[in-house]
Every structure is written in C-alpha cells, then in structure tokens.
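Keep in mind that this is a model prediction, so the values were computed, not measured. Below, read A as the first sequence line, B as the second, and so on, with proteins coming before strands; counting in each chain starts at 1. FYI, side chains are in, hydrogens and waters are out, and symmetry mates aren't considered; it's all heavy atoms of this structure.
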2 protein chains.
Amino acid sequence: MRGMNSNPASTTTPNGTAPAAEAASTPSPTFSPLYQQIKALITQGLESGEWKPGEIIPSEVELAARYKVSQGTVRKAIDELAAGNLLVRRQGKGTFVATHNEDRVQFRFLRLLPDDGDVHPHVSRLLECRRLRAPAEIARQLDLKPADPVVLIKRLLQFDGVTTVFDEIWLPGAVFRGLTAERLAEYKGPLYAMFETEFGTRMIRATEKIRAVAADETVAQFLDVAQGFPLLSVERVSYTYGDRPVEVRRGWYVTTGYFYQNDLS
Amino acid sequence: MRGMNSNPASTTTPNGTAPAAEAASTPSPTFSPLYQQIKALITQGLESGEWKPGEIIPSEVELAARYKVSQGTVRKAIDELAAGNLLVRRQGKGTFVATHNEDRVQFRFLRLLPDDGDVHPHVSRLLECRRLRAPAEIARQLDLKPADPVVLIKRLLQFDGVTTVFDEIWLPGAVFRGLTAERLAEYKGPLYAMFETEFGTRMIRATEKIRAVAADETVAQFLDVAQGFPLLSVERVSYTYGDRPVEVRRGWYVTTGYFYQNDLS
DNA sequence: TAGTGGTCTAGACCACCTC
DNA sequence: AGGTGGTCTAGACCACTAC
C-alpha cells in the first residue's frame, strides 16, 4: 500500500497484495494521501453498516494489518473521523461508532439553553405525521424530484412545561418507509436516535439559517404567544454520509428565558 | 525533555538542559503530554509578541531543536494550534501567526449572509465612541471591577447600502488606551484587525447568545424599521489568549434578505 | 537546489481498562 | 497479564515554494 502515487515502486518496502482501494487510486497528478484513502475505506464500513452506531470497530493494529499500512496511518485516518464526530475514541477500550443514543451531548443539534444554566430535559409533543408529495422548495433542498413522496412531521417541544419550539420536519419518503405517528409516539428519546436505530440513517452534520420573524397566526397559537411576537426562525438541512441531505427542519423558537447558543472559533 | 512524568530517567535518551517549562511540570499523578507543554510554550511566544500576527514562526525542525524534542512532537503541537486558528500552515513556505488582517475569511466572526449567496462587502458607520465606567453587568462579563473604565462604541453596518446591523461594543479601557473616534474613523478594515495591529489584542474565540427580540424605539430608528419589528439579538463575548474576555458586543440584526449562518457538526 | 510542511514507517514505551 | 488507545522518537521520502 505504499507508493500509490507518482513514484516508481519504492526501494526497500516488502510490499504486496494491494487492498480493494487500489482500484480507485489514480497514478495521475492528483495526489491523495494514504490516510485519506484509509479514511474513505473506514467510512465505507460505517455507511455499509459493517460497524453500527454504538459498536466497537477493530483495533488500530487490526485495521493496519487489514489495509496493509502502518498503525500510524490508520491512526491519522481515525483521528480525522473522530474530529468529525463519526467515531469516538476511548482510551483502553477501543474506538466506537458515534451514536445519537447514549451520547449524553445531544445538545450538539439542539442549541437552545435556559438563561440560568440549569439543564431542563425537554418533552416532545407530536402534532401530526403524514405523507405527501414534496413541494418544489423541499424537493430541491432534499435533492429529490418534485412531487416525490416525503414525510412531514409537526411537533412541539416543551421546556420545563413551557411550549418553546414548533418544528416542521421534512424527510424523504423513500428513506423513511414505515414511519408513522404511532412509531413516533412509541419511541423514547431524541428523533435522531430513532432515525439511526430504526431507519439506519445517521445525521452527521447540518447547516442552519437563522432569522428573527414575527409569529403568524398558526404558529402563534401553537406557541401560545401573540401574533407578531418575535420568534427565532431556524431552517436546518441535515446531511448523512456522503453529504446527502436527508432532513429539512423549520423551527420557530420562543426566546424568552432561553437563547440559542453558538461558539465562534 | 523526555520522561517528564512519573518515570525514572529513561534509559537511552541523551537528555539535558531542560527548557523553561520544566518548572511548571509536576511529577505528580497529573499527566501532561509533551506536545501539550510545547503547545503552551508556543502559545507563550504568541502571547508575548515574540511572533506577531502575520509573521512566520520558526520551522518545525528549528523549534524541535530549541525545545529539545522530536519534530513529530512540535508537529502535533502546531497541528492543534492550527486547528484552533492560532496558526496557519502553508506547505513549502512555513507556519504563520494567524491574523484578522489579510485573512480573507473574516466571516468567521460575522455570520450574516444575503439570501442570494452573493458577497457584498459591508460598510461601517461610527455613531459614537466614548469612555465611561463599566455597568455592573458589563464589568462582570469582562472580568473587571465595577466602575472600572471601559470604552463604548456604537456603530451601524450597511450591507449593499442598507442598514442591517446596530452594534454596541464594550471594551476594557485599560487595554484599549488611546482608542478614540478619530482613530476608529481613520482605520480601514475590520475592527478586529485594528485591535490586533493597534492594540496588540487578538480575538481568538467568542461565544454568542442569540435571541429574537422586538425593536425598541432607539434601535428601530437606527435600523429604519418600525418599533416592535423582529430583530436578531446577538450578544457576544470575545476572548483572547488565556481565555481572557476582552470584548462584549451586543448586536441587533435586521434579517430580511439576510440570515445568520451556522454549521452544526 | 535548498528549505518548508506533509506523509509514512517501525518500534518503544506509557496510561487506561478489563479479565 | 494482556489489550487498547496515546505519546514520542528517528529517519526516509514526497509535495510545494522559493531563489
């Protein structure tokens, strides 16, 4: 697995038996470091379900042997995947596939905090869950064809008994086959945990567009505020492996007593 | 520089002449990796002004020699500093101290983007710059004593000719000695670039609390919107080396045609 | 051609966890 | 005791930039 780019068979390495990735590597001027290729191979294993969320992956030495590279190289690959929150390292134990389940830091995707730093667990109340044909804008954002089937979920979040968030969640129907109000109601825990365990779709990253808007009539009712009340509008697109968009979420947040926390660095 | 923690003088290393950091290291059960200590030493150099923003720092081999460690160790230290946006690596050239000046990505701290992705440079209009005694809340956030001197700047930002942001910026008076309306008016470029070059204070990271609020009378006037209009309220605290807070900024954003962009990962 | 950061290796040892 | 990730080293070579 050495010298895959632009050099004539290196001199001292007892090389041989190239792994599967060899086919994908080009001896062209485009240069891709070995650890990047290993990173891609490991990502394949994650995406294909070879290693599922919460499970342990093979040890560094084991992977090094499998891919015929040094431990340092798979280490660098894992480092980057861990930095991207795809893997979690635990010294003395092993490396694990990240999960939205036991991850006690679920506030990675819900950044609404109370003015006093106390941690109040929130309660979800399902309003609606139905299937329909994707509106043009949603189809565009989910990379679907217009009128492709989608699932629309509407719900409220209550913090400490106070209704604080109204969410409209759009999902591609093809991926979330069999998602019904009943199954949503049954499930305990965060939505993303359910998506991951029940539908094999793991949210990796998301982008949000945040605005201040006036509450319209329907949202005002749900959130129990006056029409025209200032709300935080959060429009999120979430992505899974391969940067494929798999969720559009439009949220309206009441930010009295709560704020959206962001860190710049 | 080897075996600084919990091990009896290693066997093969031709060691000697410990660097300054040795004093700070404890042979106690608390373990601190070598590269973390190197990282601290380099950070000292940045903080003390030995290497100024935009300048190049010594090469990896040079630093390795200076600190009596291997290149790999200083490499890991620099890696983390680069990840934290304190340093910038340029292959073939060297490693440079990050700066708010030439950094074409100044949108690291101003995340307001137009609905159409076009890039419109913004114009700043200074409203006021005066010195006063810190209100209790500001003093607390800036880690000052109440009534310590502070500088208060008020300004507007115009995007494409449209007034979009009203900012109140609070700075510790002791650090920003000699900051006047005149000097602010003269200076071209971002505020943080000025703070860095004129006052030797570099903003490293910041935290923001974001809310939707109704425009009060004075803000409404400045932003040319109706009283009660929904505005994005952004309360930022910025930190410099050593996580010392050096700025409190309260911004009101008009988010019609613009949005606050955030990435979750 | 020389210098810089970037990659890759092989091996030693340490800290942490489990059995 | 044995496994895992974490640190550190020394050395080779590659890619990029300058002169």
Side-chain angles (χ1 to χ4, degrees), chain A residues 1-15 19 21 25 27-39 42 55-65 67-83 87-97, chain B residues 1-15 25 27-39 42 55-65 67-83 87-97:
Chain A
M1 193 93 183
R2 198 141 27 112
M4 289 177 60
N5 297 284
S6 75
N7 52 343
S10 75
T11 54
T12 57
T13 311
N15 226 338
S25 88
S28 73
T30 64
F31 169 69
S32 171
L34 239 192
Y35 75 87
Q36 289 285 6
Q37 305 176 33
I38 303 303
K39 191 178 161 187
I42 296 176
E55 291 180 4
I56 195 173
I57 72 170
S59 75
E60 294 180 354
V61 287
E62 209 169 327
L63 289 173
Y67 297 134
K68 300 264 190 340
V69 298
S70 80
Q71 182 183 353
T73 298
V74 353
R75 186 167 179 75
K76 180 147 188 176
I78 291 179
D79 274 346
E80 293 207 349
L81 291 170
L87 296 176
V88 176
R89 322 191 76 139
R90 288 193 227 278
Q91 177 167 147
K93 294 190 190 168
T95 301
F96 299 78
V97 183
Chain B
M1 192 92 184
R2 193 129 47 100
M4 289 178 61
N5 299 283
S6 73
N7 52 345
S10 73
T11 55
T12 58
T13 310
N15 226 336
S25 89
S28 73
T30 65
F31 169 68
S32 171
L34 238 193
Y35 74 88
Q36 289 284 8
Q37 305 175 33
I38 304 302
K39 192 178 161 188
I42 296 176
E55 291 181 3
I56 193 174
I57 72 169
S59 75
E60 294 180 353
V61 288
E62 209 168 328
L63 288 173
Y67 297 133
K68 300 263 189 339
V69 298
S70 81
Q71 182 183 352
T73 298
V74 354
R75 186 165 180 75
K76 181 147 188 176
I78 291 180
D79 274 345
E80 292 207 350
L81 292 171
L87 296 176
V88 177
R89 324 190 74 138
R90 288 194 228 278
Q91 178 169 147
K93 294 191 193 168
T95 301
F96 299 78
V97 183

Please test B/Y67 against B/I42 for side chain to side chain contact (heavy atoms under 4.5 Å, CB included), starting from the C-alpha separation and ending with a verdict. CA-CA 10 Å; B/Y67 297 133; B/I42 296 176; 4.1 Å; yes
Provide a list of protein-nucleic acid N or O atom pairs under 3.5 angstrom, restricted to nucleotides 5-7 of chain D.
unit_1: D/dG5; atom_1: OP1; unit_2: A/T95; atom_2: OG1; d: 3.3
unit_1: D/dG5; atom_1: OP2; unit_2: A/E60; atom_2: N; d: 3.0
unit_1: D/dG6; atom_1: OP2; unit_2: A/R75; atom_2: NH1; d: 3.3
unit_1: D/dG6; atom_1: OP2; unit_2: A/R75; atom_2: NH2; d: 2.9
unit_1: D/dG6; atom_1: OP2; unit_2: A/R89; atom_2: NE; d: 2.7
unit_1: D/dG6; atom_1: OP2; unit_2: A/R89; atom_2: NH2; d: 3.3
unit_1: D/dT7; atom_1: OP1; unit_2: B/Y35; atom_2: OH; d: 2.9
unit_1: D/dT7; atom_1: OP2; unit_2: B/K76; atom_2: NZ; d: 2.9

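Looking at heavy atoms from C-beta onward, B/I57 lies in side-chain contact with B/L63 at the 4.5 angstrom threshold.
Here B/R89 pairs with B/E60, B/R75, B/I78, B/D79, B/A82, B/T95 under the side-chain contact (heavy atoms from CB on, under 4.5 Å) rule; sequence neighbours left out. Under the side chain to side chain donor-acceptor pair (under 3.5 Å) criterion, B/K39 pairs with B/E80, sequence neighbours left out.
Summarising the geometry, the separation between CD1 on B/I56 and P on C/dG3 is reported as 14 Å, rounded to the nearest angstrom. Here the C1' atom of nucleotide D/dC8 and the NZ atom of B/K68 are 17 Å apart, to the nearest Å.
Expressed to the nearest 0.5 Å, how far CD1 of B/I56 lies from CZ of B/R90 amounts to 9.5 Å.
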